[in-house]
2 protein chains.
Amino acid sequence: MTLDFSRDKPIYSQLVDRICGDILKGKLLLGDRLPSVREYAVETGVNVNTVQRVYKELEAMDLTETKRGQGTFITTNEERIVELREDMKNLLAQNFLTSIEALGFSREEMLVVLHKKS
Amino acid sequence: MTLDFSRDKPIYSQLVDRICGDILKGKLLLGDRLPSVREYAVETGVNVNTVQRVYKELEAMDLTETKRGQGTFITTNEERIVELREDMKNLLAQNFLTSIEALGFSREEMLVVLHKKS
DNA sequence: CATAGTGTACTAGACACATATTACACTATG
DNA sequence: CATAGTGTAATATGTGTCTAGTACACTATG
């Protein structure tokens with residue numbers, strides 16, 4: 001695999017985003033086991049410590065449960081996933097609107113651009 | 001002033017964004033003089049070197065012209081400003097769409113959220 | 001020409017991020 | 001009980017960002 005990471009954001013943060021995306025898109029289901037830290041490190045071409053930080057963040061977000069000696073698993077709390085979906089959607093929308101305002105664009109002209117981009 | 005900066009992005013980058021915004025919103029006009037690096041450093045509560053980097057970035061983007069001993073001025077090339085406006089608009093839209101796709105949202109449901117947020 | 005105000009350059013240090021390496025604690029398996 | 005595979009922890013190193021301080025080069029002004 002060996003993913004390509006953006007330079008303008010910490011790698012661990014980008015990996016958290018990626019996994020959140022996989023959860024929301026249904027690529028990862030409730031109770032699914034994530035790769036071990038060592039496996040995922042090799043897959044993504046990243047250091048084990050960085051993966052460890054990713055898993056720690058996910059657990060702090062209540063998105064995973066870690067069982068020492070067994071692995072890290074997606075939470076079985078479906079409500080949390082629904083909540084995550086809403087939170088991410090609102091965050092995305094809010095950031096978009098904030099950026100628009102910061103640069104002085106009108107909402108209307110942005111909608112036009114969004115519509116153009118297939 | 002002493003602005004508040006987000007921790008997830010370099011300060012110099014946030015200042016570049018801010019000035020770009022001021023240009024696009026007409027708060028800064030063609031030929032306007034920016035504060036001196038020292039002045040702006042005090043205004044924003046940031047180090048002189050950081051401001052220097054901001055001005056260097058702006059010049060590299062052809063948004064300013066620097067006259068040693070006189071100051072830094074917004075470019076008088078109006079076409080460049082129009083171009084900047086288009087570029088920023090497209091970048092914003094593209095990033096938004098990319099994020100939406102990464103998290104598995106549909107364009108329709110995002111438009112609904114955008115509409116809700118006054 | 002002296003001075004004050006510009007931008008510019010350099011060195012040093014603090015901090016976060018990521019890496020590399022090693023070691024430890026727990027669990028399942030045979 | 002031995003082993004392999006989990007997560008976890010600690011230390012050291014390199015890089016980028018930001019700060020702090022100092023010094024230099026250029027320009028306008030009186």
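Residue numbers start from 1 in every chain, and the chains themselves are labelled A, B, ... in the order their sequence lines are given, proteins ahead of strands.
- What separates NZ of A:K56 from P of D:dG7 is a distance of 13 Å, to the nearest Å.
- DNA chain C is contacted by both A:V46 and A:G69; A:V46 maps to the nucleotide lying nearer its 5′ end (nearest heavy atom per residue).
- Counting non-hydrogen atoms of other residues, nucleotides and ligands closer than 6.0 Å to CD of A:E109 gives a total above 12.
- Following rounding to the nearest Å, A:N49 (CG) and C:dA20 (P) show an atom-to-atom distance of 10 Å.
- Ionic pairing of A:K56 and A:E59 is not present here: no N-O contact between side-chain nitrogen and carboxylate oxygen is shorter than 4.0 angstrom.
- In this structure, C:dT22 and D:dA9 make a Watson-Crick or G-U wobble pair, each of the two defining distances being under 3.5 angstrom.
- A donor-acceptor pair under 3.5 Å links the side-chain atoms of A:Q14 to the main chain of A:K9, judged by distance alone.
- Put simply, A:T50 has no side-chain N or O that comes within less than 4.0 Å of OP1 or OP2 on C:dC17.
- In this entry C:dA14 has D:dT17 as its Watson-Crick or G-U wobble partner, both defining distances falling under 3.5 Å.
- In this entry the distance linking OH of A:Y55 with P of D:dT8 reads 11 Å, nearest Å.
- Between B:R38 and C:dG5, a side-chain N or O to OP1/OP2 separation shorter than 4.0 Å is absent.
- Atom-to-atom, CZ of B:R33 to C1' of D:dA28 comes out at 12 Å; the value is rounded to the nearest Å.
- The nearest whole Å value for the distance from the OH atom in B:Y40 to the C1' atom in C:dG7 is 17 Å.
- The side chain of B:Q70 sits closest to D:dA28 out of C:dA28, D:dG21, D:dA28.
- Side chain A:N47 to base C:dC17: no donor-acceptor pair is found below 3.5 Å.
- We find that CG of B:L34 is positioned 12 Å from P of C:dT8, with the value rounded to whole Å.
- Spacing between atom CZ of A:F5 and atom P of D:dG16 amounts to 18 Å, rounded to whole angstrom units.
- Among the nucleotides D:dG7, D:dT17, D:dC26, the one closest to the side chain of B:Y12 is D:dT17.
- The base-pairing partner of C:dT29, taking Watson-Crick or G-U wobble contacts with both distances under 3.5 Å, is D:dA2.
- Heavy atoms from other residues, nucleotides or ligands lying under 6.0 Å from NZ of B:K27 number 12 at most.
- If you find the closest nucleotide of DNA chain D to B:K67 and to A:T66, the one lying nearer the 5' end belongs to A:T66.
- Across the protein-nucleic acid pair, A:E57 atom CD and D:dT8 atom C1' stand 16 Å apart, rounded to whole Å.
- In summary, B:R80 and B:E83 engage in a salt bridge, as defined by a charged side-chain N under 4.0 Å from a carboxylate O.
- Of the side-chain N and O atoms in B:R53, none sit less than 4.0 angstrom from OP1 or OP2 of D:dC18.
- Checking the phosphate oxygens (OP1, OP2) of D:dT6, no side-chain nitrogen or oxygen of A:T72 falls inside 4.0 Å.
- Here B:L34 contributes atom CG and B:L63 contributes atom CG; the two are 10.0 Å apart, rounded to the nearest 0.5 Å.
- Distances from the side chain of B:V37 to the nucleotides C:dG7, C:dT19, D:dG7 place C:dG7 closest.
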